[in-house]
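Read through the structure below, which is laid out as structure tokens, and then see the notes.
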Number of protein chains: 2
Amino acid sequence: MNAGCHTGDVPTRTLPLVPPAGGSAGVACCAPLTREPLSAETAATLARTLKAIADPARLRLLSLVAAHEGGEACVCDLIEPLGLSQPTVSHHLKVLVEAGLLTRDKRGVWAYFAVVPAALDALAAVLATPAADPAR
Amino acid sequence: MNAGCHTGDVPTRTLPLVPPAGGSAGVACCAPLTREPLSAETAATLARTLKAIADPARLRLLSLVAAHEGGEACVCDLIEPLGLSQPTVSHHLKVLVEAGLLTRDKRGVWAYFAVVPAALDALAAVLATPAADPAR
DNA sequence: TCCTTCCATCGACATCTGTCGATGACCGAC
DNA sequence: GTCGGTCATCGACAGATGTCGATGGAAGGA
């Protein structure tokens, strides 16, 4: 359990989130996927980001962080609901940060993670079928 | 090369596509992901579908099939542009079909594959951030 | 100063995954 | 019936991946 964990005595300021442009890893911007054949390079980049979320533990981490108070959470908040060891949780968080899907903000002893909505939306835009777009 | 491949002498009828409801494997319906914590079971189901597209070869296969004439393609159309062996292409196609992202229609000697737009849209809906929804 | 707590990294291990060549099943043409 | 072409499956292999315990570094409190 998180015996000595902070449990609520944190400011929980809403972070600015979503870096304006060219932030973090890249997220493999906006090709509709079902529009024209992907190049090998584009496919590799997209696959790297998708592999980051194609894991039960990491999917749950994303939803746990997003649903947490203030939209951010520290590692100690995530270990127990996930049921995995602390090194494993830390490993998964690192993968998500390197994929640009989470941001890490170290404040004092704690490291706070927050989702990057723009990254998830970019992935959604790539997968969505253009038929859902009425402007054509 | 596809020496004896049909190369265009096929009807190329537009298939009905997208099975009405409850088709194929399931696609792990519509939870916004950044809404509330995913259950372990839901996360596992979602991850299984995401793993299916989290691969460069399979991403290219999806886009190749979608961009092909008539929205469908046979294996022999995909081997050369992908640069992989026929068994490998067949393997990837099987993974995509089992994930409900492609349909397989065997006509004579050829097996025609077509994308399931509803499956991709469902995935996009799960990843998209609710902030993109103005109705709240 | 020392101790406690939080977190990241390391090394090891079992398992999953992507790829291939070889083979077999199936269909259509001659 | 036989042959050629398309596709799926099998077995094998190297490499990537998820998990853990042990360890180390850094910040803050007694």
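Note on naming: letters A, B, ... go to the chains in the order of the sequence lines (proteins, then strands), and numbering restarts at 1 for each one.
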Notebook entry, point to check: Could you give the CZ-to-P distance, from A:R60 to D:dG18, as a whole number of Å?
Noted result: 16 Å
Notebook entry, point to check: Excluding sequence neighbours, so at least two apart, what forms side-chain contact (heavy atoms from CB on, under 4.5 Å) with A:A52?
Noted result: A:V95, A:A99, A:L101
Check: In whole angstrom, what separates B:L82's CG from D:dC7's C1'?
Finding: 16 Å
Notebook entry, point to check: Do B:V126 and B:L50 come within less than 4.5 Å of each other through their side chains, counting heavy atoms only?
Noted result: no
Next item on the list: Could you state the atom-to-atom distance from CZ of B:R48 to P of C:dT17 in whole Å?
Entry: 11 Å
Checklist line | Between D:dT17 (P) and A:I53 (CD1): distance, integer Å | finding: 15 Å
Check: To the nearest Å, how far apart are B:R58 CZ and C:dT17 P?
Finding: 9 Å
Checklist line | Residue-phosphate contact under 4.0 Å: A:S90 side-chain N/O, C:dC7 OP1/OP2 | finding: no
Check: Expressed in angstrom and rounded to an integer, what is the separation of B:I79 atom CD1 from D:dG5 atom P?
Finding: 14 Å
Note to self: Measuring to OP1 and OP2 of C:dC7, would you say a side-chain N or O of A:K94 lies under 4.0 angstrom away?
What the structure shows: no
Next item on the list: Find the distance between CZ (A:R104) and CD (A:E72) and round it off to the nearest 0.5 Å.
Entry: 14.0 Å
Notebook entry, point to check: Is any side-chain N or O of A:R104 closer than 4.0 Å to OP1 or OP2 of C:dC7?
Noted result: no
Item checked: A:R60 side-chain N/O to B:T42 backbone N/O, donor-acceptor pair under 3.5 Å -> no
Check: Tell me, do B:I53 and B:L123 make a side-chain contact under 4.5 Å, heavy atoms counted?
Finding: yes
Notebook entry, point to check: Taking all atoms of both residues into account, what is the closest heavy-atom pair of A:V115 and A:L62, and its distance?
Noted result: CG1-O, 3.7 Å
Notebook entry, point to check: Given D:dG18, D:dT9, C:dC6, which nucleotide is nearest the side-chain atoms of B:K51?
Noted result: D:dG18
Checklist line | Between NE2 on residue A:H92 and CG on residue A:L82, distance to nearest 0.5 Å | finding: 7.5 Å
Check: Nearest of D:dT6, D:dG18, C:dC7 to any side-chain atom of A:C74?
Finding: C:dC7
Next item on the list: Grab the CG-P distance between A:L50 and C:dG18 for me, whole Å please.
Entry: 13 Å
Item checked: Sugar-phosphate or base contact per nucleotide [nucleotides 19-30 of chain D; S, B, -; heavy atom under 4.0 Å] -> BBBB----SS--
Next item on the list: Return the value, rounded to whole Å, for the distance between atom OH of A:Y112 and atom P of C:dA8.
Entry: 13 Å
